[in-house]
Amino acid sequence: QVQLVESGGGLVQSGGSLRLSCAASGRTFSGYAMGWFRQAPGKEREFVARINRSGGRTYYADSVKGRFTISRDNAKNTVYLTMDSLKLEDTAVYYCAASAKYGTTYNENDYDYWGQGTQVTVSS
């Protein structure tokens, strides 16, 4: 079992920045690739970013590429999502997730453990 707890969400103006954190406990954190997903009101949950076990490879949805950065600190059992140049359409509940699967996966079904989510609201 892996327990994931997100933090860092909040209200920010358009163009601003936020950094989300996801603290993991339980099984060896470095044994999992980590991802961030988000779900806006009335929409399905969508992939945002993924980072491999070592932190050496990252993948992003086109909608956030160049604005968001995923990173991890295996010594602290934490994965981060730094969000810059935030837009109104970034408003959503953001979830971190852990995947035991190897390879590049964007499908939420490939993730084994999920956090409870943290709300990010971007205002004009």
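Residues: numbered from 1 along the sequence shown.
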task = Assess whether side chain to side chain contact (heavy atoms under 4.5 Å, CB included) is satisfied between Val12 and Thr121, documenting all intermediate values.
result = CA-CA 6 Å; Val12 62; Thr121 302; over 6 Å; no

key: Candidate pair Ser17 and Asp84, rule side-chain hydrogen bond (donor to acceptor under 3.5 Å, both in side chains), full reasoning   = CA-CA 4 Å; Ser17 299; Asp84 296 317; 2.7 Å; yes

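In terms of heavy-atom proximity, Ala24 sits nearest to Leu4 at CB-CD2, 3.6 Å. Contact detail for Val122 and Thr91: the closest heavy-atom pair is N-OG1, 2.9 Å. The two atoms that bring Leu18 and Gly8 nearest to each other are CD2-O, 3.8 Å, heavy atoms only.
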Listed pairs under 3.5 Å, donor-acceptor, residues 32-46 side chains, sequence neighbours left out:
from  : atom 1 : to     : atom 2 : distance (Å)
Trp36 : NE1    : Tyr80  : O      : 3.4
Arg38 : NE     : Glu46  : OE2    : 2.6
Arg38 : NH1    : Asp90  : OD1    : 2.9
Arg38 : NH1    : Tyr94  : OH     : 3.0
Arg38 : NH2    : Glu46  : OE2    : 3.1
Gln39 : NE2    : Lys43  : O      : 3.1
Arg45 : NH2    : Glu108 : OE2    : 3.1

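Interatomic distance, OG of Ser25 versus CD of Gln3, reported as 4.0 Å (0.5 Å rounding). The CG atom of Leu88 sits 5.5 Å away from the OG atom of Ser124 when rounded to the nearest 0.5 Å. With values rounded to the nearest 0.5 angstrom, Phe68 atom CZ is found 6.0 Å from Leu81 atom CG. Between the OG atom in Ser85 and the CZ atom in Arg67 there is a gap of 7.0 Å [rounded to 0.5 Å]. Distance check: Trp114 CH2 to Cys22 SG gives 11.0 Å after rounding to the nearest 0.5 Å.
Side chain of Gln1 to backbone of Gly26: no donor-acceptor contact under 3.5 angstrom is found. Counting only distance, with no hydrogens or angles, the side chain of Asp112 and the backbone of Ala100 share a donor-acceptor pair below 3.5 Å. A side-chain donor-acceptor contact under 3.5 Å links Ser99 to the backbone of Asp110. No donor-acceptor pair closer than 3.5 Å links the side chain of Thr28 to the backbone N or O of Ser30. Counting only distance, with no hydrogens or angles, the side chain of Arg57 and the backbone of Arg53 share no donor-acceptor pair below 3.5 Å. In this structure, the side chain of Arg72 does not engage the main chain of Thr78 through any donor-acceptor pair within 3.5 Å.
In this structure the side chain of Tyr60 reaches within 4.5 angstrom of the side chain of Thr69, judged on heavy atoms. Looking only at side-chain heavy atoms (C-beta outward), Thr118 and Leu20 come within less than 4.5 Å of each other.
Val2 and Val79 fall within the same hydrophobic cluster, defined by Ile, Leu, Val, Met, Phe, Trp and Tyr side-chain heavy atoms under 4.5 Å apart, directly or through other members. By the rule that hydrophobic residues join a cluster once side-chain heavy atoms approach within less than 4.5 Å of another member, Ile51 and Val64 end up as members of one cluster. Under the 4.5 Å side-chain heavy-atom criterion for ILVMFWY residues, a single connected hydrophobic cluster contains both Val48 and Tyr113.
In this structure Tyr111 satisfies the side chain to side chain donor-acceptor pair (under 3.5 Å) test together with Arg50, sequence neighbours excluded.
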